[in-house]
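Model, not experiment: these values are computed from the prediction. Ligands are counted one by one from 1 in listed order, and the atoms in each one are counted from 1 as well.
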Amino acid sequence: MITVALPNKGRLSEKALALFERAGLRAEFTSERALIAEMGPDFRAIFVRAADVPEFVADGAADVGVTGGDLVAESGREVETMLDLGFGRCRLAVAVPDGSEIQKLAQVPSGSRVATSFPRIAAEFFGQARIPIELVRVSGAAEIAPHLGVADVIVDLVSTGSTLRVNGLREVETVLESTAQLIVSRTAWEDPARRPTLEELAAALESVLRAERKRYLMANVPRDRLEEVKRVLPGISGPTIVEVLHGGNWVAAHAVVDENRVYQTIASLKRLGAEGILVTRIERLMP
Ligand code: AMP
């Protein structure tokens with residue numbers, strides 16, 4: 001049995017659960033507030049705070065976990081990243097009040113008070129920049145600290161930047177970029193009994209992520225234009241061509257297409273005389 005630590009609430013929790021479900025691992029809760037759920041015969045999920053996931057994985061309480069790359073870095077724990085899950089994209093940034101004269105990192109004065117819930121990363125970052133700072137540890141809402149007069153600078157997560165703007169703050173430097181990660185403990189990864197199941201898990205989740213950006217496109221096309229069809233519908237290893245019963249000059253062409261190429265591909269197929277064009281989502285894609 002492999003134990004997976006998943007965020008119990010917050011921005012990453014729903015997406016993490018949905019991803020596992022699409023990979024065929026649906027969490028079966030025994031009660032509304034259950035903190036443990038079965039996920040098929042080989043996995044069970046434990047639900048913990050996103051910030052605690054690296055600890056649980058590093059300590060061996062869980063074999064794998066899902067959490068933000070920022071939280072993995074802040075934890076300072078030794079875990080391996082198996083897969084970048086792509087969601088929960090944000091950056092950890094240095095920001096200053098709008099009116100500040102600071103335009104870039106090098107202008108942050110020595111002794112500045114830096115409010116952050118990422119003290120480890122912030123200390124290391126300013127340490128590398130050789131700017132001595134005074135850390136003001138907060139557990140959230142660092143944006144308020146400059147207004148309260150308890151900090152001059154903040155290091156906080158930003159995705160669109162609108163929270164910073166609303167709070168009269170301006171970004172001056174990116175400390176790190178973050179997305180949700182599938183992490184594993186080295187012990188679990190190196191255990192021959194667990195390794196195959198962990199690899200299967202990563203492959204299953206990856207197949208869902210890969211499929212998200214692809215569509216399956218089907219069209220009836222004139223047989224005598226197949227060479228041109230192949231050019232607009234390259235697919236993974238060329239389109240699949242299927243006979244249409246009593247179709248005469250018509251055959252069906254099927255191929256996997258990048259989501260952002262669907263519009264153009266349909267237009268090109270139509271120019272070749274295609275009919276009955278159908279585009280569907282793909283659940284999973286394992287090349
Ligand atoms: P939670 O605080 O439990 O909602 O989860 C926060 C995690 O979600 C962070 O550590 C990031 O990995 C991720 N995240 C993505 N976008 C943002 C954002 N704009 N603000 C805060 N966290 C974000």
Side-chain angles (χ1 to χ4, degrees), residues 4-21 27 29 32-37 45-59 61-62 64-98 114-125 135-147 151 153-184 202 205 209 212:
V4 187
L6 296 176
N8 60 348
K9 54 185 177 195
R11 289 168 203 261
L12 304 178
S13 110
E14 266 182 36
K15 286 191 173 147
L17 259 191
L19 173 63
F20 274 73
E21 186 165 337
F29 293 91
E32 274 272 305
R33 282 178 299 168
L35 297 176
I36 298 185
I46 57 168
F47 295 92
V48 299
R49 284 182 53 223
D52 292 335
V53 169
E55 304 291 339
F56 281 104
V57 171
D59 290 345
V64 279
V66 172
T67 194
D70 53 333
L71 297 171
V72 177
E74 179 60 26
S75 78
R77 299 300 305 261
E78 281 242 346
V79 292
E80 307 282 328
T81 293
M82 292 174 81
L83 191 61
D84 184 344
L85 303 176
F87 59 85
R89 184 173 295 279
C90 58
R91 57 191 182 277
L92 193 62
V94 178
V96 297
D98 274 337
V114 179
T116 186
S117 44
F118 292 85
R120 174 190 289 268
I121 299 176
E124 196 183 316
F125 183 74
L135 276 175
V136 178
R137 293 163 196 257
V138 294
S139 56
E143 300 93 343
I144 194 92
H147 297 290
V153 173
I154 69 165
V155 170
D156 204 6
L157 292 174
V158 186
S159 45
T160 60
S162 62
T163 310
L164 284 187
R165 275 194 295 281
V166 166
N167 287 289
L169 296 162
R170 171 167 53 79
E171 239 176 296
V172 289
E173 188 90 20
T174 299
V175 178
L176 60 81
E177 307 267 355
S178 174
T179 44
Q181 313 278 313
L182 179 70
I183 56 170
V184 63
L205 297 177
L209 299 174
E212 269 173 4

Write out each pair where an N or O from ligand 1 and one from the protein are under 3.5 Å apart, with the distance.
residue	atom	partner	partner atom	Å
ligand 1	4 (O)	Arg11	N	2.9
ligand 1	10 (O)	Asp70	OD1	3.3
ligand 1	10 (O)	Asp70	OD2	2.5
ligand 1	12 (O)	Asp70	OD1	2.8
ligand 1	12 (O)	Asp70	OD2	3.3
ligand 1	19 (N)	Arg11	NH1	3.4
ligand 1	19 (N)	Ser159	OG	2.6
ligand 1	20 (N)	Arg11	NE	3.4
ligand 1	20 (N)	Arg11	NH2	3.4
ligand 1	22 (N)	Arg11	NE	3.4

Distance-only polar pair, side chains of Gln181 and Thr179, donor-acceptor under 3.5 Å: yes

Residue list, salt bridge (Lys or Arg N to Asp or Glu O under 4.0 Å) with Asp98, at least two apart or on another chain: none

Contact list for residues 80-93, test salt bridge (charged side-chain N to carboxylate O under 4.0 Å, His left out), sequence neighbours left out: Glu80-Arg186, Arg91-Glu171

Residues forming a side chain to side chain contact (heavy atoms under 4.5 Å, CB included) with Ser162, sequence neighbours excluded: Thr160, Arg165

Straight-line distance of Phe118 CZ to Leu176 CG, nearest 0.5 Å: 8.0 Å

Side-chain donor or acceptor of Ser178 paired with backbone N/O of Asp70 under 3.5 Å: yes

